[in-house]
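So the structure is just underneath, and the comments pick up after that.
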Amino acid sequence: MKVLRIFLMCLFAFNYAYSQVGIGTETPDSAAILDVRSEISPGVYGGLKLPTLTLAQRATITAPIPDGLMIYLSDGNNRCLQVYDGTRSQWMDWYCMNELPEVSLVDFTGTLEVDETLTSSYTYTDGENDTESGTSYQWYRADDATGTNVMAISGATAATYLTTTADGNFYVAVGVTPRASSGASPGIEALSPYREIEFKQTEIEFAMASSTIPEDDVRTININVLNPSPTVATTVEVNISAASTVGVLGTDYDIDNNSVVVTAFPFTITIPAGATTASFDVYAYADDNNAVDELLQLDLQNPSGGINPIIGTVGSHSVTFIDDDSATEVVFDSITYSEVENGLVGSINININNPSMTTATTVEVALNASSTATNGVDYDTDTIGTALAFPITITFPANTSASQQIDFFITNDLISEGNETIVLDLQNISGGISAVIGTNASTTFTIVDDEVPLSPVLLGIQDFEVTAATPTLNYTVNTPGVIRTTNGTSPNTPTFIDARSYGVINGDADLDFGPVDSSGYTDATLTFRLAAFSLNSTGNGLDGGDYVDIYISDDNGATYSYELEITGSGNRRYDFSATGSYSHVYDGNNTATSVTTPNGSMGYSTIEITGLPSTANLVVGIVLFNDNANELWVIDNVEIYGNP
């Protein structure tokens, strides 16, 4: 403190004695009140340092602060020369320090090949946290990773860069020059590492996967080359696939490979350096050997040259030869023939369409199992019972469209057996022009019976009249009390039998008819009339509703049955003036079959069951079931016939 007082006193005395002050010089400039020399000692220099304060320290300066007071403010990122403006009563920045923005870790990503996009990356910093704005880029090309013969790539000034053929086998880098939105800018360019750009693999493929060629025409097959080498030619082999169905190279088709006729597979395609396409021609000959399209399947294989060549996605090409021929077709002249049974000859014609000029056509005629005429009995080859040998092979000579014919003798057997059929099928065709069997692939020859058929013989009838019809079919009521014989009311006059529940729930009416002797006949037929009242298809029956059961008994005591189940619901008037019908072939098995009886005024259904057994004691049982009071089944005119 004492030293400071002495210094101030000396300075005051000096200032009082002289009007100018010089520091480091005895001869201050005549225009300067204070002249400070920069040389501290010989060869050593310095500068003027203003008082340095933080914001907190500046706030302690005693007021009033004189106008023009100067300080150096250093507080965090704020480093400014400041002058106090007494008029505004505020500190004014005279000059503020600011660092340039910087980038680090400059690099780029992407596939290092020609025609690939590279993307730059870096880290931006600024001492004053000035935001980034307007950073610029420049991509460079060099001979090696050290940057030998580096040159800026013209126009490559974006953050990304699409490599070109010119970059192939050279090295590229990106330079980033940072720029800030405020403060000092721009910064200094920073460079990424140099990395080599390679050419992509040469890729060879067909331009399309398939094409077509009409017979007697030519097609050009194109091959595409992706990423060809600018300096090395590319070659690839074309081979035929086992999937091909065409004929012989040089006979059925030709291939022209750049004006050179191909004589064998595989053949080689050469694509010059830098070229992106190649081609060869396929010529399809005209022929009449078949009527089907044929396939030439070609595969690319064994690529070489170029840049590590590979086969592309479309490595196969199928050429379809469109045939211009029509297939040979064989058909029956008609799908139906008929001839009266008279011992004469029957004929069936077989036609051919589009015959081959050079190849015969053969087809077999087979006997279909659905035929009802017996080979060698109802028809034969010689009138003495020699059966036709099926299948019969029919041959159409080449270059002829004449029909072929099958002849046979029809036996006049003097037996009334109805019409019989011979059903024939065409099969196993071969030869011709890809021969096929046409629409008329089957035919039916009908032998028309010329004998008068015998009528069925009535073995018994029960019409429930006072004066019964004959021959009488006896019947037995097995459940008296629920069955009665009733004379019909208007508009009916016949007498019939009805089966009512009469308050008995789940009651049934059981009647047996017969026996009759059907042993002298092929089979027997049962018919009867059936009507109903208030019956339905739902309830307590075997299948949930009302039904009729039919039982058949023969000599051996065997009994077979099946059920007729009512369909629908509602009233069925027992009006025998209108009829419906239902028939069933008896097959000796227990069978449940639905039957619809007429509704309302339509009246009754006629039930017919054919194929009953031939037996000396044929008994037919009819059971009528209803499950609610006041329901009614009605039957009449139960008849059994013998069939000759």
Side-chain angles (χ1 to χ4, degrees), residues 1-106 122-138 175-191:
M1 192 65 178
K2 183 178 180 181
V3 174
L4 179 58
R5 289 196 197 99
I6 295 173
F7 173 75
L8 292 176
M9 290 175 65
C10 292
L11 181 60
F12 175 78
F14 185 85
N15 185 53
Y16 181 79
Y18 300 97
S19 60
Q20 295 176 304
V21 176
I23 298 177
T25 179
E26 295 179 353
T27 59
D29 191 282
S30 59
I33 295 176
L34 177 64
D35 186 355
V36 181
R37 299 295 298 271
S38 61
E39 189 173 28
I40 299 173
S41 61
V44 178
Y45 296 88
L48 177 66
K49 185 178 184 306
L50 294 178
T52 301
L53 292 81
T54 65
L55 287 171
Q57 292 169 341
R58 189 186 70 177
T60 66
I61 297 176
T62 303
I65 301 174
D67 186 45
L69 183 66
M70 297 180 62
I71 65 169
Y72 176 64
L73 178 67
S74 178
D75 194 324
N77 289 329
N78 292 325
R79 295 176 299 135
C80 298
L81 292 175
Q82 291 187 333
V83 178
Y84 189 77
D85 186 341
T87 302
R88 299 179 181 178
S89 298
Q90 66 181 36
W91 291 95
M92 305 296 292
D93 289 336
W94 181 18
Y95 178 81
C96 291
M97 303 295 185
N98 194 274
E99 295 181 359
L100 292 174
E102 296 181 352
V103 289
S104 59
L105 304 177
V106 178
Y122 58 89
T123 300
Y124 172 88
T125 57
D126 184 90
E128 292 73 36
N129 293 326
D130 294 324
T131 58
E132 181 181 12
S133 177
T135 296
S136 60
Y137 310 87
Q138 177 62 61
V176 180
T177 301
R179 282 180 167 80
S181 59
S182 60
S185 188
I188 299 173
E189 181 186 57
L191 200 64

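- Side-chain contact between Ile65 and Trp91 is present, with at least one heavy-atom pair separated by less than 4.5 Å.
- Expressed to the nearest 0.5 Å, how far CG of Asn78 lies from CG of Asp93 amounts to 8.0 Å.
- Interatomic distance, CD of Glu132 versus OG1 of Thr125, reported as 10.0 Å (0.5 Å rounding).
- The closest donor-acceptor contact from the side chain of Asp85 to the backbone of Arg88 lies under 3.5 Å.
- Judged by distance alone, the side chain of Thr123 and the main-chain N or O of Leu105 form no donor-acceptor pair under 3.5 Å.
- A distance-only check finds no donor-acceptor pair linking the side chain of Asn98 to the backbone of Gly183 [under 3.5 Å].
- Thr52 contributes atom OG1, which lies 12.0 Å from atom CG of Asp75 (distance to the nearest 0.5 angstrom).
- When all heavy atoms of Met97 and Glu128 are compared, the pair lying nearest together is O-OE2, 4.5 Å.
- The line from CG of Asp130 to CD of Glu99 is 10.0 Å long, rounded to the nearest 0.5 Å.
- One distance of note links CD of Gln82 with CZ of Arg58; it measures 4.5 Å at 0.5 Å rounding.
- Residues satisfying the ring-ring contact (aromatic ring centres under 6.0 Å, His included) test with Tyr137, not counting sequence neighbours, are none.
- Closest approach of Ala190 to Val103, counting heavy atoms only: CB-CG2, 3.6 Å.
- Taking each heavy atom of Leu100 and Ser185 in turn, the nearest pair found is CD2-N, 3.8 Å.
- With hydrogens and angles disregarded, no donor-acceptor distance shorter than 3.5 Å links the side chain of Glu102 to the backbone of Gly187.
- With rounding to the nearest 0.5 angstrom, the OG1 atom of Thr87 is 5.5 Å from the CG atom of Asp67.
- Considering only heavy atoms from C-beta on, Tyr84 comes within 4.5 Å of Ser89 through its side chain.
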